[in-house]
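One is the number of the first residue; the rest follow in order along the sequence.
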Amino acid sequence: MTESAWTRWPSREALGRKGLSEPRRLLAWAVRISVLGLLLWGVFTRSHLRGWGAAGAAAGVIATALISWAFFRTTLAHRLWPSLALVTALLALAGAAEATDLRVPALVIWCGCGIAALERLPLAAALPVTSVALASYSAVDNDEWLTTAATVAGMALAGYVLRLDAEARGSAQRLLAQERAARAAEKESAALAERARIAREIHDVLAHSLSAQLVHLEAARLLIEGGADRDKILERVVAARGMAREGLAETRQALSALRGEMSPLEDFLSELVATADGADVTVSGDRRPLPAEASQAVRRVAQEALTNVRKHAPGAKVHIRLEYADHQVTLHVRDSGGSPGELTGSGAGYGLLGMRERAELLGGSLDAGPGEEGFVVTLKVPV
């Protein structure tokens, strides 16, 4: 059932003390102590109270304090009927105080009930309670009717203003909690994104380096099984060792990238083609630094494409072209084609899938397929 403005409780944040400044806390305690002192003063300054009568009146003051505390707790828990029972008990105590000629305590209790009900109860329950409390106050007050009316209106207004102030404080507390939760979620998301980035870098380094080593080691195995001469086998083993060294270099480079210490992309591509026979690179457009993620995507795709050429078309010519545009950088890797190598069927086949996933994570795209002569890989990354 949907709550209306009449049946809705003030929020628990509004009814609680959390969010109150230290001066306001001190002021609240000062008001409570003043009210308690006023009640005790009203009891013990009456000349007709002596002995057991004074003790009974003091017990009534203590009962009023305890019932008031219980009323604050039940309203904080949004328990309507216990709250109404407690405030009814307070009104009854005020009536008993008036009947024993303790007018000051009675007036204080009636005023407190009227204000507290408006502040802490749903309006549908608060208005009857406040009406009874302030009507009782008006009936016994000795001031002029205009003064009494102004006092009653002021107390009703004070109770409603306190309610609005508490609701505003409660809303601020909820907004603060939501903001903190959002910040915590943002930090967690950033941490997860960074972990994913590190995992991708480690995966790419291992996949490229180990797959390249596997190419040569598998070739060496096939040569041994085929009874090839020692020099051919040694050539493959030396190449595998070179791939291991390159893997270590790539690992260092990946660590540098994670720390934000990367060499210019053009230099990296030049070094990459220098290690591959029959490869060259050209750069067009206005050169500029790229974001770390975009730069790493271009590097990894170039490495993976060259590895695939070594594996599937050994000896093919490779041309790499890097194009800078206004809001995009494009990498083309094209090979001239050739006879399938000995290790064409080796590997898990996840290279192109990994490149495409890396591009899509950055909002880009990757196309890979046969060209006019060989195989073409085209990466587009927004920057």
Side-chain angles (χ1 to χ4, degrees), residues 1-39 63-91 93-94 108-137 150-189:
M1 180 177 177
T2 304
E3 291 184 336
S4 67
W6 293 97
T7 59
R8 185 172 58 248
W9 282 86
S11 65
R12 287 182 171 84
E13 293 85 359
L15 296 177
R17 297 186 181 91
K18 188 176 180 180
L20 285 175
S21 62
E22 190 64 25
R24 291 191 64 173
R25 289 177 185 270
L26 294 176
L27 179 61
W29 277 108
V31 170
R32 294 187 184 99
I33 293 172
S34 299
V35 170
L36 183 61
L38 188 59
L39 291 173
T64 299
L66 293 176
I67 294 173
S68 299
W69 175 84
F71 173 75
F72 275 73
R73 299 302 300 175
T74 54
T75 53
L76 181 62
H78 289 178
R79 300 172 61 192
L80 180 60
W81 294 111
S83 300
L84 291 177
L86 290 169
V87 77
T88 300
L90 288 174
L91 294 174
L93 282 173
V108 171
I109 295 173
W110 278 324
C111 291
C113 287
I115 294 174
L118 274 178
E119 181 186 3
R120 303 183 69 85
L121 290 174
L123 288 177
L127 290 180
V129 172
T130 300
S131 298
V132 170
L134 296 184
S136 300
Y137 172 89
T151 303
V152 168
M155 286 187 292
L157 181 62
Y160 191 66
V161 168
L162 287 174
R163 181 190 188 93
L164 294 178
D165 178 70
E167 283 287 15
R169 178 167 49 83
S171 298
Q173 287 297 312
R174 289 193 297 274
L175 289 175
L176 180 61
Q178 292 172 4
E179 183 180 357
R180 288 173 176 170
R183 288 181 178 178
E186 183 179 355
K187 289 181 180 178
E188 183 178 358
S189 177

Pair up each side-chain donor or acceptor in residues 80-91 with any protein partner under 3.5 Å, not counting sequence neighbours, and list the distances.
residue	atom	partner	partner atom	Å
Ser83	OG	Thr74	OG1	3.0
Ser83	OG	Arg79	O	2.5
Thr88	OG1	Leu84	O	2.7

> Do the non-hydrogen side-chain atoms of Tyr137 and Val152 ever get within less than 4.5 Å of each other?
Replying inline: yes
> Distance-only, no hydrogens or angles: does the His78 side chain make a donor-acceptor pair with backbone N or O of Pro10 under 3.5 Å?
Replying inline: yes
>> Would you compute the distance between atom SG of Cys111 and atom CG of Leu134 and round it to the nearest 0.5 angstrom?
In response: 7.0 Å
> Say you draw a straight line from CH2 of Trp9 to CG of Leu76; how long is it, rounded to the nearest 0.5 Å?
Replying inline: 10.0 Å
Would you tabulate the side-chain donor-acceptor contacts of residues 115-127 under 3.5 Å, counting partners in other chains and residues two or more places apart, or write 'none'?
residue	atom	partner	partner atom	Å
Arg120	NE	Thr75	OG1	2.8
Arg120	NH1	Leu15	O	3.4
Arg120	NH2	Leu15	O	3.4
Arg120	NH2	Phe72	O	3.1
Arg120	NH2	Thr75	OG1	3.2

> Hey, is Glu167 close enough to Arg163 for a salt bridge, meaning N to O under 4.0 Å?
Replying inline: no
>> Working to the nearest 0.5 angstrom, can you tell me the gap between Leu175 CG and Arg180 CZ?
In response: 12.0 Å
> Nearest 0.5 Å, what's the OG-NZ distance between Ser189 and Lys187?
Replying inline: 13.0 Å
> Hey, what do you get for CG (Leu93) to SG (Cys113), rounding to the nearest 0.5 Å?
Replying inline: 9.0 Å
> CD of Glu179 to CZ of Arg174: how many Å apart, nearest 0.5 Å?
Replying inline: 15.0 Å
